[in-house]
Protein chains: 2
Amino acid sequence: MNAVRCNDCPIRHRAVCARCDDDELTRLENMKSYKRYDAGETIMWRGEPLEHVASIVDGVASLSKTLEDGRTQMVGLLLPSDFIGRPGRKEVEFDVVATTEVTLCRFEIKPFEQLVMDTPHVAQRLMELALDELDAARDWMLLLGRKTAREKIATFIDMLAQRKIAGNPESDGTLEMPMTRDQIANYLGLTLETVSRQFNALKKEGVITLSGRKQIEVIDLLALRDATGDDSDGGVLS
Amino acid sequence: MNAVRCNDCPIRHRAVCARCDDDELTRLENMKSYKRYDAGETIMWRGEPLEHVASIVDGVASLSKTLEDGRTQMVGLLLPSDFIGRPGRKEVEFDVVATTEVTLCRFEIKPFEQLVMDTPHVAQRLMELALDELDAARDWMLLLGRKTAREKIATFIDMLAQRKIAGNPESDGTLEMPMTRDQIANYLGLTLETVSRQFNALKKEGVITLSGRKQIEVIDLLALRDATGDDSDGGVLS
DNA sequence: CAACAACTTTGATTCAGATCAAAAATATGA
DNA sequence: TCATATTTTTGATCTGAATCAAAGTTGTTG
């Protein structure tokens, strides 16, 4: 009965098809194609007409905006199973860049939009995704506008840890950072030197350890949480 | 034929009903009620269960997030005809505060969600609103993360000017600021002293004039635009 | 219209993070 | 494995905006 459930797709269209029936899944299968991008490659340019929507199969991509003189700010981070593209929009107003090597599962926009029109629960799913992104954007505005460098770094590490735990609750405290210091700086509204200094300050305090360029281990999660500056209520405990 | 087109509603449910037929409008009329809030009053607290969605009839409201120690950051600004509340969400994760005196046209959430389920074009309209908010949030992230105090203030004034022109293309350069220096500071990720200094610097340079506490006149729109730091392409001219 | 409260401006000082400048560590690849 | 390129760390200095502190405005209310 579930014979065609996205059978050859590593992420099984998780972003769109949780409640799709076989017929809908077949439609998705028929409009999809995979594409690989190298690290640093631009997937979509600001203002470019949208020809596909896509879901991330593997790797990390980011959304970035740039000022006149070249200062840039990341405004979104896309991890596997996240979705790119918005129904009804003709173009994006930021650049989408492959942060690491990225594989996309792309759907042609025309038939995809037809599918959205035909199936209210897909439309509803996309609405949920948009609202999740909006909530994330608002947390990020608080971070960018009011947090100190230390709080920004602690929040960043905590977010990676939570994302990892969500994907695999049995995981240990070891994290692979998907970005260079420079990319992290663009994400947090800092410079790369400040990012480096704050990582090493947390290391010196025994909150984390660093090994190689991208391995972090969280030693003291409570201290890390405390360093984020966030309101503690709304959390799981206390 | 259009007898019930939101006849006694000052904003005619602009946020939701552009394409509603008479039957749908009657349903909206039957679930609506007006409510007034004084300036400074909290309309909804973070975490509180959502009982209404609403559209702003008059006044200005803001969405705010707060850190442990009280630092706050506005994450959204709602002007007349803007919409509060999201389909499918049980609560909001920020405070909604009346910045000025505010009148809301509220709809009970249960029948409203039923209406959304029944009418795809209303669902689609809400999706557009969410995507507009997302785009605005991302512009704001660029501002908060990378712009200087001067650029932030120029961007703020320019936004008010554009909103005013959108509402009434025949308007002159005079603007009424809907917020105090302190509220503007919370919007832009600054302190109120810095806001004051930057307003007065632009005044001294002849870019704007200030009169009373809340009247601004834009004298030199080009200089103002130039001071925003934004990429000039994508604009109307050049 | 006087007195008060709320808001805004201005000035002096401090400080977090940016900037500038090497040096050190880690990767990459011949 | 050695040479080279990239990324990260560390140090010194500078600066924009925060902070602290009055004084000056504007608006409100009895």
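So that the names make sense, note that chain A is the first sequence line, chain B the second, and so on, each numbered from 1. Since this is a predicted model, take the numbers as computed values, not measurements. Computed over heavy atoms, backbone and side chain alike; hydrogens, waters and symmetry mates excluded.
If you find the closest nucleotide of DNA chain C to A/Arg150 and to A/Lys214, the one lying nearer the 5' end belongs to A/Arg150.
Of the charged side-chain nitrogens involved, none lies within less than 4.0 Å of a carboxylate oxygen, so that B/Lys65 and A/Asp230 do not count as a salt-bridged pair. B/Asp132 has a carboxylate O that lies under 4.0 Å from a charged side-chain N of A/Arg89, or vice versa, which qualifies the two as a salt bridge. A salt bridge does not link B/Glu41 with B/Arg36: every distance from a Lys NZ or Arg NE/NH1/NH2 to an Asp or Glu carboxylate oxygen is 4.0 Å or more.
To the nearest angstrom, P of C/dA21 lies 12 Å from CD of A/Glu193. Atom pair A/Glu151:CD and C/dG17:P shows a separation of 9 Å (rounding to whole Å applied). Counting to the nearest Å, the P atom of C/dG17 and the CD atom of A/Gln198 are 7 Å from each other. Rounded to an integer number of Å, the gap from A/Arg146 CZ to D/dA17 P is 13 Å. If you measure from atom CG of A/Asn186 to atom P of D/dT7, you get 13 Å, rounded to the nearest angstrom. Regarding A/Leu192, its CG atom lies at a distance of 10 Å from the C1' atom of D/dT9, rounded to whole Å. Look at CD on A/Gln183: it is 9 Å from P on D/dT7, rounded to the nearest Å. Between the CG atom of A/Leu144 and the C1' atom of C/dG17 there is a distance of 15 Å, rounded to whole Å.
For B/Arg181, the listed nucleotide lying nearest its side chain is C/dT8; candidates were C/dG17, D/dA17, C/dT8. Comparing atom distances between the A/Thr180 side chain and each of D/dT9, D/dT7, D/dA17 picks out D/dT7 as nearest.
Seen from the ring of B/Phe199, B/Arg181 counts as a face-on cation partner, given the 6.0 Å and 45° thresholds.
Checking the phosphate oxygens (OP1, OP2) of D/dA17, no side-chain nitrogen or oxygen of B/Arg197 falls inside 4.0 Å. Listed pair B/Thr191 / D/dA17 fails the phosphate criterion, with no side-chain N or O lying under 4.0 Å from OP1 or OP2. For A/Thr148 and C/dA16, the shortest distance from a side-chain N or O to OP1 or OP2 is not below 4.0 Å. Here A/Ser196 reaches the OP1 or OP2 of D/dT9: one of its side-chain N or O atoms lies under 4.0 Å away.
No hydrogens or angles were tested; on distance alone, a donor-acceptor pair under 3.5 Å links the side chain of A/Arg213 to the base of C/dT26.
Taking OG1 from A/Thr100 and CE from A/Met179, the interatomic distance works out to 10.0 Å, rounded to the nearest 0.5 Å.
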